[in-house]
Amino acid sequence: MEDYPITPKEHGVEFLMDNRHHWIRSRRQWAILRVRSVIKKAIMDFLDNDGFINIDTPIITPSAAEGTSNLFEVGYFDETAYLAQTGQLYNEANIMSMGKVYCFGPTFRAEKSKTRRHLTEFWMVEPEVAFCDLDDLMVLEERFITYIVQTALEKCAAELEILERDTTALEKITGEFPRISYDKAVEMLHELREKETDPEKKKELEIEWGDDFGSPHETVLTQQFEKPLFVYGYPSAVKAFYMEPWPDRPEVCKSVDLLAPEGYGEIIGGSERMSDPQKLVDAIHAHDLPPENYSWYIELRQFGSVPHSGFGLGLERTVAWICGLPHIRETTAFPRMLYRMNP
RNA sequence: UGUGGAGUAGCUUAAAGGCAGAGCGGCCGACUGUUAAUCGGUUAGGUGUGGGUUCGACUCCCACUUCCACAGCCA
């Protein structure tokens, strides 16, 4: 037999990632991938038991759904196609038949993100619900996250022990999660920035109403709470085109992000969707998107629509948080990242 | 893409202008009460690449390259 490449010795990240096919045999990696499996099943069990229908959405898509991120191009016979960044638009078609649906599959983002929170290929579960407003959505997310965390605690005690996860932090993830508006969050950030003494951090925490939050903002906000934090009502300008404007306050939209505690950041992004066809067309123009790409999506409203909402949960970020990992790369057996697609 | 840090033996590292050293691994032998690594011996690199400064460069300078962290983008 050949000598086993991984010795009972500390190794560097690059070496371990080059030897990922062997590394997954080690104790910690074994534990993480088992927790991932349990979380994945918990996600599906919760939704299945809550009346959701699982409908798969296409991975090959003709254009950018949200019109923002960079997508991976693939050749599709004589045409250019893209790997899907979300199944949401298709979900919105599916709820008009099924009421409550979810898709759960690989998602691709060609952003050159070089952080501990990003993969170029990751799994996202996207529930979408008809007759659901923003408040209903938050309640759903709360129940969903609570179920996932409590199931992981119950079924993965041994794995979390191996990972030396402080489970007392996870045991608190139950009941109502705090909800703050974007306006309030900006106020809090101003106060927190005042208290900050380190000039470098103080600079990072600069923010004005209308700016999207950066990672440092999310971190200090979540540090104020022990549970995941809902931040709702972001400025429309920093969010996707399809989000429903706030009544009497069109500069704000009915969006909500769920920020995980302990510095794990955004694990869910969601919103109430626009259900009025004319507002949607206007929004598409306002975002400089080609309306012809969205004709069927606009038609969903033209033939009768209902208030509806949905969100996307990143599986790997959730696994990283529940396992207490410093980096997302260990949450999947063979991660695809900027500068890494081997093995 | 920007900022900062780092590339020395298979792996993890020491050497801060003056002879590149160690631990683990490997190999040889001993042990045979054993599951993070028994004991002895031995092997192994000329320092990411290309230039430059210097009597002399792992060490200083420039370019390139790879990796890491943070930021942006987002799940």
Side-chain angles (χ1 to χ4, degrees), chain A residues 1-19 22-23 26-28 36 39-40 43 64-72 83-88 102-127 141 144-145 148 162 198 200-201 203-207 211-220 228 231 234 238-240 255-260 263-271 310-322 326-332 335-340 342:
Chain A
M1 196 162 84
E2 298 253 333
D3 301 318
Y4 202 66
I6 306 226
T7 59
K9 177 79 182 135
E10 275 189 41
H11 292 290
V13 170
E14 193 177 5
F15 177 82
L16 288 169
M17 290 308 296
D18 284 342
N19 288 281
H22 300 302
W23 189 23
S26 72
R27 197 170 167 74
R28 281 183 58 87
R36 177 191 168 104
I39 289 174
K40 204 167 159 191
I43 285 170
E66 296 185 350
T68 49
S69 4
N70 299 312
L71 306 187
F72 288 105
L83 297 181
Q85 65 176 154
T86 172
Q88 185 212 313
Y102 71 97
C103 60
F104 192 9
T107 303
F108 305 89
R109 304 266 167 101
E111 298 286 346
K112 300 215 166 176
S113 304
K114 246 189 107 173
T115 79
R116 65 170 83 179
R117 296 182 298 284
H118 289 86
L119 296 169
T120 54
E121 175 183 315
F122 63 97
W123 279 61
M124 180 160 69
V125 59
E126 296 178 275
E141 291 182 20
F144 186 49
I145 294 297
I148 293 166
I162 288 170
D198 181 340
E200 216 166 285
K201 283 186 181 166
K203 187 165 168 56
E204 283 182 346
L205 288 177
E206 278 177 7
I207 192 160
D211 296 339
D212 201 358
F213 297 146
S215 183
H217 304 110
E218 289 184 355
T219 302
V220 291
V231 180
Y234 284 81
V238 302
K239 289 290 181 184
S255 56
V256 60
D257 285 352
L258 184 65
L259 310 179
Y264 282 90
E266 184 179 347
I267 54 170
I268 288 182
S271 68
F311 65 89
L313 168 81
L315 174 63
E316 287 80 3
R317 284 189 184 175
T318 306
V319 174
W321 165 47
I322 292 177
H327 201 294
I328 199 169
R329 66 185 151 225
E330 293 175 41
T331 60
T332 187
R336 295 292 172 257
M337 300 178 290
L338 186 62
Y339 310 135
R340 161 77 61 186
N342 280 301

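Side chains included, hydrogens not; waters and symmetry mates left out as well; all remaining heavy atoms used. To find a chain, count down the sequence lines: A is the first, B the second, and so on, and within it residues start at 1.
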Taking N or O atoms only and anything under 3.5 Å, show me the protein contacts with nucleotides 66-69 of chain B, one pair per line.
residue	atom	partner	partner atom	Å
B/rU66	O2'	A/E14	OE2	3.4
B/rA69	OP1	A/R329	NH1	3.4
B/rA69	OP1	A/R329	NH2	3.2

Response to the item:
pair_partner(B/rU12), Watson-Crick or wobble, both distances < 3.5 Å, evaluates to B/rA22
Item to complete: Quickly work out the A/Q88 CD to B/rC74 C1' distance and round it to whole Å.
Response: 14 Å
Discussion item. Counting only Watson-Crick pairs (N1-N3 plus N6-O4 or O6-N4) and G-U wobbles (N1-O2, O6-N3), all under 3.5 Å, who is the partner of B/rC27?
Written reply: B/rG41
Worksheet entry | Mate of B/rU53 where both pairing distances stay under 3.5 Å, Watson-Crick or G-U | none
Fill in: Any strand: nucleotide that pairs with B/rU47 via Watson-Crick or wobble, under 3.5 Å
none
Item to complete: With C1' as the reference atom in both, quote the distance from B/rU12 to B/rG7 in angstrom, rounded to an integer.
Response: 14 Å
Worksheet item: Where does B/rG46 fall, syn or anti, if syn means a chi angle no more than 90° from 0?
Response: syn
Discussion item. Strictly by Watson-Crick or wobble contacts shorter than 3.5 Å, is anything paired with B/rG4, and which nucleotide is it?
Written reply: B/rC68
Worksheet item: Which whole number of Å gives the distance between the P atom of B/rG48 and that of B/rA14?
Response: 13 Å
Worksheet item: Which one, B/rA75, B/rC11, B/rC73, comes nearest to the side chain of A/H11?
Response: B/rC11
Practice prompt. Take atom P in B/rC58 and the same atom in B/rA15, then report the distance between them in whole Å.
Written response: 15 Å
Practice prompt. Using the P atom as the reference point in each nucleotide, state the distance between B/rU1 and B/rA57 in Å, no decimals.
Written response: 34 Å
Item to complete: For A/G265, answer base if it contacts any base atom (sugar-phosphate contacts may also be present), sugar-phosphate if it contacts only those atoms, and nothing otherwise; contact means non-hydrogen atoms under 4.0 Å.
Response: nothing
Discussion item. In this structure, is the centre-to-centre distance between the rings of A/F144 and A/F311 below 6.0 Å?
Written reply: yes
Item to complete: Could you check whether A/I268 gets within reach of a base, just the sugar-phosphate, or nothing at all, counting any heavy atom under 4.0 Å?
Response: sugar-phosphate
Worksheet entry | Separation between the P atoms of B/rU53 and B/rC61, rounded to whole Å | 15 Å
Discussion item. My understanding is that a pair needs two contacts under 3.5 Å, Watson-Crick or G-U wobble. By that rule, which nucleotide pairs with B/rC58?
Written reply: none
Worksheet item: On a plain distance test, is the side chain of A/S113 in donor-acceptor contact with the base of B/rC74 below 3.5 Å?
Response: no
Item to complete: Under the salt bridge (Lys or Arg N to Asp or Glu O under 4.0 Å) rule, collect the residues that match up with A/D212, sequence neighbours excluded.
Response: none
Fill in: Between B/rG40 and B/rU66 - P atom distance, rounded Å
44 Å
